[in-house]
Protein chains: 2
Amino acid sequence: MSKGQTGARGPYVKGVQRRQEILDRTLDVVAHRGIEATSLRAIGEAIGISHGTLLHYFESREALLLEVLRERDTIAQAALSGIDQVFPWLESGANNNAKDPAMVALYTTLLATAVEAGNESARAFFAERFKSVRADLSGRLRAELAASGRHPEADLDQVASLIMAAFDGLQIQWLLDRDIDIAGTIRLIERVL
Amino acid sequence: MSKGQTGARGPYVKGVQRRQEILDRTLDVVAHRGIEATSLRAIGEAIGISHGTLLHYFESREALLLEVLRERDTIAQAALSGIDQVFPWLESGANNNAKDPAMVALYTTLLATAVEAGNESARAFFAERFKSVRADLSGRLRAELAASGRHPEADLDQVASLIMAAFDGLQIQWLLDRDIDIAGTIRLIERVL
DNA sequence: GTCTATACGAAGATAGAC
DNA sequence: GTCTATCTTCGTATAGAC
């Protein structure tokens, strides 16, 4: 075995730690200064490295921000892995997100860039994310209905789309007005079933 | 009466026409090149004026884009003024938006900037828009339920929030995947009532 | 592999001439 | 009302030190 990317000694160790440090600190900068002000130079300053170094680890500023989102998204999903029921699962996700407005803002901002032409990596990320979450949600709904002996009254893929749209849309409303009750409003959808 | 802003003669006439021309052409540039590529210089080129002149009419690039959205939003609302029933009204709105993806993208992009700190004008616009649409929607729902002799089973403000969130979220999903059926999915919410 | 220094072009914004 | 010139900051690319 060579001194490859995950070796405990070897020169790559520093790089792996550095990469993680960049991901962590970038979110800090986003939280403290907002996304627009999170320039490569601002991130570099916060870490104590030149802004050029950041592009040694990530292809572009957009790619870095997207990687921050991807990592946090994976962690957030894992934290909910113990919850089986759909609506408690959604409610826990909403409550966790409420603790991290910077992440929600990052999600929203990158989602907006994804609908723009020419941002293929962001578009691919969100298109794939929507597709997999939709499949996961509709599958859970189907299983739950079957377990309770009922048969679906609506297209479950459409219900899944509705839940995702409501979740994203309510998070945006919540960012503008913290009085919005995301979990409570999502729960209204339960009646459709 | 002086030669004020709306006078038919007077030196302001050219300015008023110019301002309108800028608003119209900006949306064209957005439609053809995307929002990110819609720089002040690109807009100026499309009209045949310098980018500096644009800032004589609008405070900033953001203010210009927001004004384009505000104007189109007003026109779109007026076009639906003949429809009384809530869900047909929503469906017509969705169908109209489907004809103008550039507007939907502009809406989404500016909404994302509004959740960022320091964008007070965008934040104010969307906060106010959400507030008024929510009030309008819940009022319509209340009137409709009363007319059919039913009493609401859910908090109608919450239902209105859900409808708005679903509408915005589904438009985003639609921008990423044109197979999404916005109107059909919104109609699912009808069952909550 | 890791990192700095530097340069380039484009962007939003401002000031002042005409 | 409009333009040009200029300032600052940005993302990105490259060259090279260690």
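Bear in mind that the values here come from a model prediction, so they are computed numbers and not experimental data. Order of the sequence lines sets the chain letters (A, B, ...), proteins ahead of strands, with each chain counted from 1.
- B:Asp24 and B:Gln20 share a donor-acceptor pair across their side chains, judged by distance under 3.5 Å alone.
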**Report entry** nucleotides 4-18 of chain C: protein proximity per nucleotide (B base, S sugar-phosphate only, - neither; heavy atom, under 4.0 Å)
**Finding:** B-BB---BBBB----
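- The shortest distance between the side-chain N/O atoms of A:Tyr57 and the OP1/OP2 oxygens of C:dC3 is below 4.0 Å.
- For the pair A:Arg134 and A:Asp157, the salt-bridge criterion is not met [side-chain N within less than 4.0 Å of a carboxylate O].
- The phosphate of D:dT2 has neither OP1 nor OP2 within less than 4.0 Å of any side-chain N or O from B:His56.
- Here the side chain of A:Thr109 pairs no donor or acceptor atom with the backbone of A:Leu106 at under 3.5 angstrom.
- Rounded to 10 degrees, the angle between the two end axes of the helix from C:dG1-D:dC18 to C:dC18-D:dG1 is 0°, with five pairs used at each end.
- With rounding to the nearest 0.5 Å, the separation of OG in B:Ser161 from CD in A:Gln173 is 4.5 Å.
- For the contact set between residues 63-71 of chain B and DNA chain D, defined by any heavy atom under 4.0 Å, there are no members.
- For C:dG1, the OP1/OP2 oxygens have no side-chain nitrogen or oxygen of A:Arg18 closer than 4.0 Å.
- Using a cut-off of 4.0 Å between Lys/Arg side-chain N and Asp/Glu carboxylate O, A:Glu21 and A:Arg18 are scored as salt-bridged.
- Identified under the ring pair (Phe, Tyr, Trp, His ring centres under 6.0 Å) test for residues 119-160 of chain B, with sequence neighbours left out: B:Tyr107-B:Phe126.
- Remark: nothing in residues 20-31 of chain B comes within less than 4.0 Å of DNA chain C through any heavy atom.
- Using modelled atom types, one finds a donor on one side chain and an acceptor on the other under 3.5 Å when comparing A:Ser148 with A:Arg150.
- Contacts of B:Glu67 classified as side chain to side chain contact (heavy atoms under 4.5 Å, CB included), with partners at least two apart in sequence or in another chain: B:Arg19, B:Leu23, B:Phe58, B:Arg70.
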